[in-house]
Amino acid sequence: MKNADVALRRDEAISRGVGMQTQIYVARAENSEVWDIEGNRYIDFAAGIAVVNTGHRHPRVIAAVKAQLDAFTHTCHQVLPYENYISLAERLNDLVPGDFPKKTIFVTTGAEAVENAVKIARIATGRSAVIAFGGAFHGRTFMGMSLTGKVEPYKKGFGAMMPDVYHVPFPQEVHNVTTADAVAGLTKLFKADLDPARVAAIIFEPVQGEGGFYPAPLDLVKAIRKICDDYGILMIVDEVQTGFARTGTMFAMESYGVAPDLTTMAKGLGGGFPIAAVTGRASVMDAANPGGLGGTYGGNPIGIAAAHAVLDVIEDEQLCARANELGSRLKQKLEAIRAVTPEISDIRGPGFMVAVEFANPATHEPDAGFTNRVRLEAQKRGLILLTCGVYGNVVRFLAPITIPDAVFSEAMGIVEEAVAAARLG
Ligand SMILES: Cc1ncc(COP(=O)(O)O)c(C=O)c1O
């Protein structure tokens, strides 16, 4: 089988609406490497979009899933519950930032976690409005899409968004948008358009993921916390992309010393198996009536078993420390490349959630074309990179945190070559 042949069949069989970054059809994957159906080998710096932080097919995750497969695969927790669902909730209640009693629900995807966090915030406050940020990404369901702060391709043509959703600017230092601008946006919103007493929640990502890897500044996070406290608004932090050691701590919010009321998570939690969760203040989480939350597959036993193993691996292999070490080596490499690459306008990100941004050195305009060339030149040399950003001019690095040193070094060499090749046009 050839990639090109399957690509043709894909065009016939699959909706155009499902976008794609490559036509590399995977045959197998191991830790930080994948092999396609033609036998080509790639280093994977996408990790299924920040999912396999613990590597493809981590042996302990696979062993836990195999043991679960041999026991039972689905009973629906609302019908015939199982103990490891409870113990996983207990672990998340302990791990998620916030020095207060917490409770958890399990769902299946990041978007579903966001939907449920908003439902919980609404029923707990008796209010309906929700504030999100420009450039945010919260998923493709109706509420996720409405909260998302990027029109193309996520919202355009999909009709009316959910009512009572408002957006304010998110700081982007490199584009001269500051925390003061974001706070002024909130103040103006409360003056011009929205009574803060009607707001159920403010939702944000500690580091905007799809939006371009812009970290939330500490003063913004503190300002949001204060506004929430002043007006009885709940703070929802979306850790779907930032969670599970990616930013050098189990959750990105740990480094801010500010506790959200509700935390959404997915991706890295399952190490490659679908599971998502909302964890938050017990009193808030208990606001919904029995049956108001959940779903047939929420907290499916396979995802639960995988997630326990993922948490064990992060702890036993000290992946938070490893994320910091790899991230600082990556940043050093990018700084060295910047010395000979005027197109690099910014290098940023905590832990191993690092991005490089490209702009035209003459006009300082974001350069999506250059960015895409870097991605394609890397791919030609066997390295899978992802782009992101409202302007499409950011390369984000999301390698498994378990990547061996030799593979990491090889990837650094390819990044250097790919940027140099992109400069040649
Ligand atoms: C911050 C954030 N929230 C929500 C989502 C949606 O998650 P899912 O694709 O699992 O629905 C994503 C996915 O990229 C995300 O990065």
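Residue numbers start at 1 and run along the sequence shown. Order of appearance sets the numbers: ligands from 1, and atoms from 1 within every ligand. Being a predicted model, the structure only gives us computed values, none of them experimental.
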- Message: Show the atoms of ligand 1 that are less than 4.0 angstrom away from any heavy atom in Glu205.
- Response: 1 (C)
- Message: Show me which atoms of ligand 1 lie under 4.0 Å from any heavy atom of His138.
- Response: 3 (N), 4 (C)
What protein heavy atom lies closest to [atom]? Include the residue and the distance to one decimal.
| atom | value |
| --- | --- |
| atom 13 (C) of ligand 1 | Lys267 CE, 3.3 Å |
| atom 5 (C) of ligand 1 | Val240 CG1, 3.8 Å |
| atom 3 (N) of ligand 1 | Asp238 OD2, 2.7 Å |
| atom 8 (P) of ligand 1 | Gly110 N, 3.5 Å |
| atom 16 (O) of ligand 1 | Gln241 NE2, 2.9 Å |

If you measure only the distance, is there a donor-acceptor pair under 3.5 Å linking the side chains of [X] and [Y]?
| X | Y | answer |
| --- | --- | --- |
| Glu357 | Asn393 | yes |
| His74 | Tyr297 | no |
| Glu90 | Ser87 | no |

Nearest heavy-atom neighbours spanning [X] and [Y]:
| X | Y | value |
| --- | --- | --- |
| Val258 | Met253 | O-CE, 3.2 Å |
| His308 | Arg91 | ND1-NH1, 3.1 Å |
| Pro215 | Pro350 | CG-CD, 4.3 Å |

- Backbone, side chain, both or neither: what part of Ala111 comes under 4.0 angstrom of ligand 1, heavy atoms only? both
- Heavy atom under 4.0 Å from ligand 1: found in Glu210's side chain, backbone, both, or neither? side chain
- Decide, yes or no, whether a salt bridge links Arg338 with Glu335 under the criterion of side-chain N to carboxylate O below 4.0 Å. yes
